[in-house]
4 protein chains.
Amino acid sequence: MFEKLIEHFLKFPGIGPRQAKRFGYFLANADKTFVDDLVKLILETQKNTSQCPSCFRLFKNAKIGTAEFNDKCEICSNLNRDASLLMIVEKDIDFENIEKSRVYNGKYFILGGAISLTNTNGKLNNLRFKQLFEKIQAARPAEIILATSATAEGENTARYVEKILEPLRQSQSDSLKITRLGRGLSTGTELEYIDSETMNNALESRK
Amino acid sequence: MFEKLIEHFLKFPGIGPRQAKRFGYFLANADKTFVDDLVKLILETQKNTSQCPSCFRLFKNAKIGTAEFNDKCEICSNLNRDASLLMIVEKDIDFENIEKSRVYNGKYFILGGAISLTNTNGKLNNLRFKQLFEKIQAARPAEIILATSATAEGENTARYVEKILEPLRQSQSDSLKITRLGRGLSTGTELEYIDSETMNNALESRK
Amino acid sequence: MFEKLIEHFLKFPGIGPRQAKRFGYFLANADKTFVDDLVKLILETQKNTSQCPSCFRLFKNAKIGTAEFNDKCEICSNLNRDASLLMIVEKDIDFENIEKSRVYNGKYFILGGAISLTNTNGKLNNLRFKQLFEKIQAARPAEIILATSATAEGENTARYVEKILEPLRQSQSDSLKITRLGRGLSTGTELEYIDSETMNNALESRK
Amino acid sequence: MFEKLIEHFLKFPGIGPRQAKRFGYFLANADKTFVDDLVKLILETQKNTSQCPSCFRLFKNAKIGTAEFNDKCEICSNLNRDASLLMIVEKDIDFENIEKSRVYNGKYFILGGAISLTNTNGKLNNLRFKQLFEKIQAARPAEIILATSATAEGENTARYVEKILEPLRQSQSDSLKITRLGRGLSTGTELEYIDSETMNNALESRK
């Protein structure tokens, strides 16, 4: 039982055997109140978290069937957000970080991850390419912003999305623009360590 | 609710804000089965874990009142373990690591931590000095092995235990020996970086 | 003598006491040929390295007075490099890294470092603001690119250069443009960790 | 020339390409006085450092042929050091660290390194096993202390030395004791991470 609990903690993101074991001892040792609260919060989070059927992000929701239940997340149902812009991000936590910067007022789509460079097939099945395709056909945004990370996986994913959206871009009578976040110096970049691609973009986008 | 869940994860050992948030998303996103199992295991661990009244370590136990319920942990109730030796360790996880090395066949006492070098007072209240005193008076071991870490906190703790056991050592008609684990090169120690104390001990205990 | 050698190594960039001592033993232990070659190369490097009077970078040069001696470095004297562009960098090593990326064909100016956030005064004296001012008055570039690092020190330095060049910019009959390298995602940036400023720039410069 | 200088710095212990280049720019940029002093100190260190023919450590010496020239290092020629104890260490820097701890008053022998676990053959040629054998035959110490590091390489080296000294140990009419530094908790060891071997030794050598 203790071993099974530790096995479950091993599936938490970024947790290795030693820390999983510490979690086990921590909980076995913890106040009953703390543990009861924790369990309650875990169950409530699962129960009261819906996945938005429009952007696929997780959001706090009321019980289905109740008056307070929402069909969509607060961003998808917000009429003040610019529906002509659709930003595609890899993960919920990316979405949250971008919202925190308060520089974007369009809509989002959560892809569910990036295409791994190694076990491509398995990963592809988890990502919401089909749902993205349908979303764009239905919502008809004027611009799609590919906001994947500037890592090998992120760029791989962006290229793949561009490829599968190409037919849509050509068929759509009203033009569909597909853009990527600009490259350049990010906070902390030192010129001593800058790579050619970043330097090239930083030079072109100088202002 | 999501924020409160994250606050609870922040109390887990070694978890900062970013990882606590990841845990939140991880659980909100996880299969219902995984979450239900996790919650069940957490509750069972708390329910079926007893603190041994003799050595104070946590151990798996049956429900109180049932036939399978044990008064003491399997080490305290094991007659083949040498009751004349009592090893004092800081934490459950230290106990577990020492047992894994299979080099010790005596009994244990879990102190509950080390004396912090900063907020001394608060910490002292959490440690089981009183219980240790009572345990020794009752069990009358021939030797007490102070197995605290070779850190400033660990040595501080060992010195403090020695001090509070001094009256006991003098009053006990049959002699009570108090020892500490030997110092010397531990696996990985390089002579280039060795400190004077370790070198001195390594030289004296050469063989 | 050995101690004095180690003190000298302590002044090398990034070298602490232990590594300085290792260098000492390494050299005391090294082949006579290696040490003689090293000494010869150090002396030759000093003797045959000139500081370009135009951009202030260090470059390999022949002995002064000889036919092979060059007044300026190979970039300042290269007529194919675009003299209407002047890129200001902090250090020789930044210059070298930018050249390696082969994306820039203008001229350079090496400032000699960045303005430290702490001991401002001492640092300012080492930096070539006066020489920069004179260089611009003489060379009359159409655009000055501030290629400092995207760190607090680098941005502080860029702002300071902008300020001291402001009178020059206003007085110059032909317009003087002052730009900075574009900000955005640099290679490796993950959306999960992006800061507001970088996100804002990446969004604005999307393409 | 600059490139060749950098190649030489690459041979310094622990120096990679980037730091070697920084050293190059640092020296090209440095005051003439600093560079001249550095070069003088490097040459003097080589010239005035002798390898002691008895223990093989490097020591400061006067020019050969002068009255101040010493045959042996100050430890080998010190009659107050206990000649019945011979401590074998891997490197000069280990020797220096042990001396600093002021807990040992015997003699030393510097082996010249440890046996690498990978390219065994090449390494063996560099180590002074033959000289050690001769030294012991001549000096006839009562005890040899193997003070290699508690790493795989160090223990491998200690075992190898034990093996080659075995015939000597058996033939010597007066007994030759071969010891190793004691194992146990070294400063900083935490019980949570202790390995079986260290625990076993720490338990046995408790006091």
Side-chain angles (χ1 to χ4, degrees), chain B residues 85 87-106 110-111 114 143-155 157-158 177-207, chain D residues 85 87-106 110-111 114 143-155 157-158 177-207:
Chain B
L85 288 176
M87 186 181 281
I88 300 176
V89 300
E90 298 174 18
K91 309 187 299 288
D92 280 284
I93 216 164
D94 296 353
F95 151 81
E96 197 185 322
N97 195 26
I98 294 167
E99 275 299 288
K100 219 173 57 189
S101 74
R102 298 167 173 274
V103 296
Y104 176 69
N105 194 40
I110 318 287
L111 202 53
E143 179 178 349
I144 289 170
I145 304 166
L146 295 172
T148 55
S149 287
T151 57
E153 284 86 359
E155 308 228 325
T157 307
K177 206 170 142 191
I178 302 179
T179 58
R180 292 208 206 174
L181 290 181
R183 300 288 305 266
L185 307 195
S186 63
T187 301
T189 302
E190 296 178 58
L191 270 291
E192 181 178 345
Y193 302 106
I194 204 169
D195 59 298
S196 306
E197 195 182 345
T198 305
M199 183 63 204
N200 191 25
N201 285 288
L203 191 62
E204 281 185 6
S205 65
R206 72 184 184 273
K207 60 182 182 184
Chain D
L85 288 176
M87 185 181 282
I88 300 175
V89 300
E90 297 173 19
K91 307 187 300 289
D92 280 285
I93 215 163
D94 296 353
F95 152 80
E96 197 185 324
N97 195 26
I98 294 168
E99 274 299 286
K100 218 173 59 190
S101 74
R102 297 166 174 274
V103 297
Y104 176 68
N105 193 41
I110 317 288
L111 202 53
E143 179 178 349
I144 289 170
I145 304 166
L146 295 172
T148 56
S149 287
T151 57
E153 284 87 358
E155 309 229 321
T157 307
K177 206 171 141 190
I178 301 179
T179 58
R180 291 208 206 174
L181 290 181
R183 299 290 305 267
L185 306 195
S186 63
T187 301
T189 302
E190 294 179 58
L191 270 291
E192 181 177 344
Y193 303 105
I194 203 168
D195 59 299
S196 306
E197 194 182 345
T198 305
M199 183 63 203
N200 190 25
N201 285 288
L203 191 62
E204 280 186 6
S205 64
R206 72 184 183 273
K207 58 180 183 185

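Naming convention: chains lettered A, B, ... in sequence-line order (proteins, then strands); numbering from 1 in each chain.
- Within the 4.5 angstrom heavy-atom criterion, only side-chain atoms of B:Glu143, from C-beta onward, approach chain D.
- Separating the CG atom in D:Asn97 from the OG atom in B:Ser196 is a distance of 7.5 Å, to the nearest 0.5 Å.
- Between the side chain of D:Thr198 and the backbone N or O of B:Thr187, at least one donor-acceptor pair lies under 3.5 Å.
- Annotation: maximal heavy-atom pairing with chain B below 4.5 Å, among D:Ser149, D:Ser205, D:Ala147, D:Ala152, occurs at D:Ser149.
- For the pair D:Leu203/B:Ile145, a side-chain contact is recorded, criterion being any heavy-atom separation below 4.5 Å from C-beta on.
- Note that CZ of D:Arg206 is 6.5 Å distant from NZ of B:Lys177, once rounded to the nearest 0.5 Å.
- In this structure, B:Lys207 and D:Asn201 have side chains that are in contact, with non-hydrogen atoms separated by less than 4.5 Å.
- Ranked by heavy-atom pairs under 4.5 Å with chain B, the list D:Glu197, D:Glu90, D:Glu155, D:Glu192 is led by D:Glu192.
- Distance CG/D:Asp195 to NZ/B:Lys100: 10.0 Å, rounded to 0.5 Å.
- Taking the side-chain hydrogen bond (donor to acceptor under 3.5 Å, both in side chains) definition, one finds that B:Glu204 meets it with nothing, sequence neighbours left out.
- For a residue to count as touching a neighbouring chain, one of its non-hydrogen atoms must lie under 4.5 Å from one of that chain's; by this rule D:Lys91 touches chain B with the side chain only.
- Heavy-atom pairs under 4.5 Å with chain D were tallied for B:Leu185, B:Leu146, B:Thr151, B:Asp94; the largest tally goes to B:Leu185.
- For B:Glu99, the side-chain contact (heavy atoms from CB on, under 4.5 Å) criterion is met by B:Ile75, B:Arg81, B:Phe95, B:Tyr108, not counting sequence neighbours.
- Closest of all the heavy-atom pairs between B:Leu181 and D:Leu191 is CD1-CD1, 4.0 Å.
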